[in-house]
Structures are given as structure tokens and as C-alpha cells.
Amino acid sequence: MIALYPGTFDPLTNGHIDIALRGAKIFDKLILAVSENPKKQTAFSLEERVAMTKEALADQKNIEVVQFNCLLIKFMKKVNADVVIRGLRAVGDFEFEFQLALMNRKMDSDFETVFLMPNKEYIFLSSSMVREVAAHYGDVSPFVPECVNRRIVERFGKPTPSC
Ligand code: ADP
């Protein structure tokens with residue numbers, strides 16, 4: 001079975017990686033799809049987000065990283081995916097994810113979402129939190145893979161101990 005793991009990944013965090021690895025253990029193949037998301041003002045371009053994600057997951061034989069910019073249910077058909085994977089963190093994710101899953105189900109009655117829970121250390125980790133810390137010269141290296149940290153330092157500057 002093929003699973004599709006879509007998201008903005010702006011940038012990829014250790015929480016995203018945790019979910020991708022769990023999915024790749026369950027399914028034959030996991031396609032991580034980076035959304036172009038033109039309506040969202042992203043910190044990293046689509047090319048940068050794809051490059052960082054490819055680099056971080058390069059060792060994973062059954063994970064493929066791609067980009068997409070169309071409706072999820074259409075993209076699923078294009079890549080022959082059976083299910084969509086989404087990560088569920090603390091309760092805040094639930095309402096939005098529930099709405100998204102049911103909207104997709106309304107458009108395609110075969111649509112299935114598999115929700116995976118990350119390790120508890122990633123429950124409160126989000127890309128937006130990482131961007132916020134980085135923008136204030138905080139150290140995000142505990143929260144993202146090395147290749148992402150490198151680009152964050154290039155983009156936002158080196159972490160500083162005081163203001
Ligand atoms: P989106 O813009 O679609 O919310 P994200 O890049 O923020 O995309 O996240 C993609 C998916 O990964 C979502 O299902 C989100 O809930 C999940 N996710 C993000 N951060 C974490 C985390 N720390 N632990 C588990 N799942 C996460």
C-alpha cells in the first residue's frame with residue numbers, strides 16, 4: 001500500500017520526520033508531498049523546502065519526496081496513493097484535521113486518512129514555532145535535522161545568547 005504524507009514543511013521538523021518514519025514502517029511506500037501553497041507566505045521557497053526534505057530523508061529507501069500544487073484527492077490518484085497520512089499533536093490539530101478528512105471524503109467516498117501520533121517530545125513542536133524562535137536568534141538545532149538547521153542559520157542568522 002502507498003501512503004501520501006502532504007504538508008507545507010516550512011521547514012521540515014523532527015516531528016515531521018517522526019511521522020514519516022512511522023508511516024514508512026507501516027506502508028510499502030511513503031510519498032512525502034511538499035505543497036506549493038501559494039496562499040501561504042512561506043519562509044522557504046518550494047524548491048528549498050523540497051531540497052531540505054530530500055536531504056533529511058535521503059537514507060530512507062521507501063520514502064520519496066515530491067512537490068504538488070493541486071487538490072489532494074486529485075494528486076492521490078496521480079501517484080496511486082491508497083491513504084493519506086496526517087500527524088496529530090495535542091488536541092489543537094483535531095478539529096482542523098477532522099474537517100479536512102471529512103471534506104476530502106465528501107469529494108471522494110474512498111478517501112481514507114491515517115492519523116499517526118508522534119513521540120511525546122514532538123507533541124508541541126511546529127514549523128511556525130521553529131520559525132518564530134529562529135527569527136529571534138534562538139537555537140532551533142534540537143528541533144530540526146542538521147540540514148534544516150544549516151539553512152535556518154543562513155536565512156535568519158546565527159543564534160545569540162543575549163539580545
Ligand atoms: P500543513 O500546512 O498542512 O498543516 P505542516 O507542514 O504544518 O502542513 O504539517 C504536515 C502534517 O504534519 C500535518 O498533519 C501536521 O499535523 C503534521 N505535523 C506537523 N508537526 C508535527 C509534529 N511535531 N508531530 C506530529 N505531526 C506533526
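For ligands, and for the atoms within them, numbers begin at 1 and follow the listed sequence. Since we're looking at a predicted model, the values are computed, not measured. For reference, positions follow the sequence shown, starting with 1.
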* Asked: What atoms of ligand 1 come within less than 4.0 Å of a heavy atom belonging to Leu125?
  -> 20 (N), 21 (C), 22 (C), 23 (N)
* Which atoms of ligand 1 sit under 4.0 Å from any heavy atom of Tyr122? ->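 So the answer, numbered in order with elements, is 22 (C), 23 (N), 24 (N).
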* contact_flag Ser128 ligand 1 heavy-atom lt 4.0 Å -> no
Side-chain donor or acceptor of [X] paired with backbone N/O of [Y] under 3.5 Å:
X: Arg131; Y: Asp10; value: yes
X: Asp18; Y: Asn14; value: no
X: Arg49; Y: Phe44; value: yes

Among all protein non-hydrogen atoms, which one is nearest to [atom], and what is the separation to 0.1 Å?
atom: atom 24 (N) of ligand 1; result: Pro118 CG, 3.3 Å
atom: atom 21 (C) of ligand 1; result: Arg89 CD, 3.5 Å
atom: atom 9 (O) of ligand 1; result: His16 NE2, 3.3 Å
atom: atom 16 (O) of ligand 1; result: Gly87 O, 2.8 Å
atom: atom 2 (O) of ligand 1; result: Thr8 OG1, 2.6 Å
atom: atom 6 (O) of ligand 1; result: Phe9 N, 2.8 Å

Select one of side chain, backbone, both or neither to describe which atoms of [X] lie under 4.0 Å from any atom of ligand 1, heavy atoms only.
X: Tyr5; result: side chain
X: Lys40; result: side chain
X: Asp93; result: side chain
X: Pro6; result: backbone

Should we count [atom1] of [X] as having more than 12 external heavy atoms under 6.0 Å?
X: Phe156; atom1: CZ; value: yes
X: Met117; atom1: CE; value: no
X: Glu95; atom1: CD; value: no

* Is Lys77 salt-bridged to Asp108, going by a charged N under 4.0 Å from an acidic O? -> yes
* Between the candidates Met129, Arg86, Glu121, Met117, which shows the shortest non-hydrogen contact distance to atom 13 (C) of ligand 1? -> Arg86
* Measure the shortest side-chain to side-chain distance between Asp28 and Asn62 over non-hydrogen atoms and say whether it is less than 4.5 angstrom. => no
* Asked: With respect to His16, which candidate in Tyr122, Phe143, Phe9 satisfies the ring pair (Phe, Tyr, Trp, His ring centres under 6.0 Å) definition?
  ->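 So the option named by the test is Phe9.
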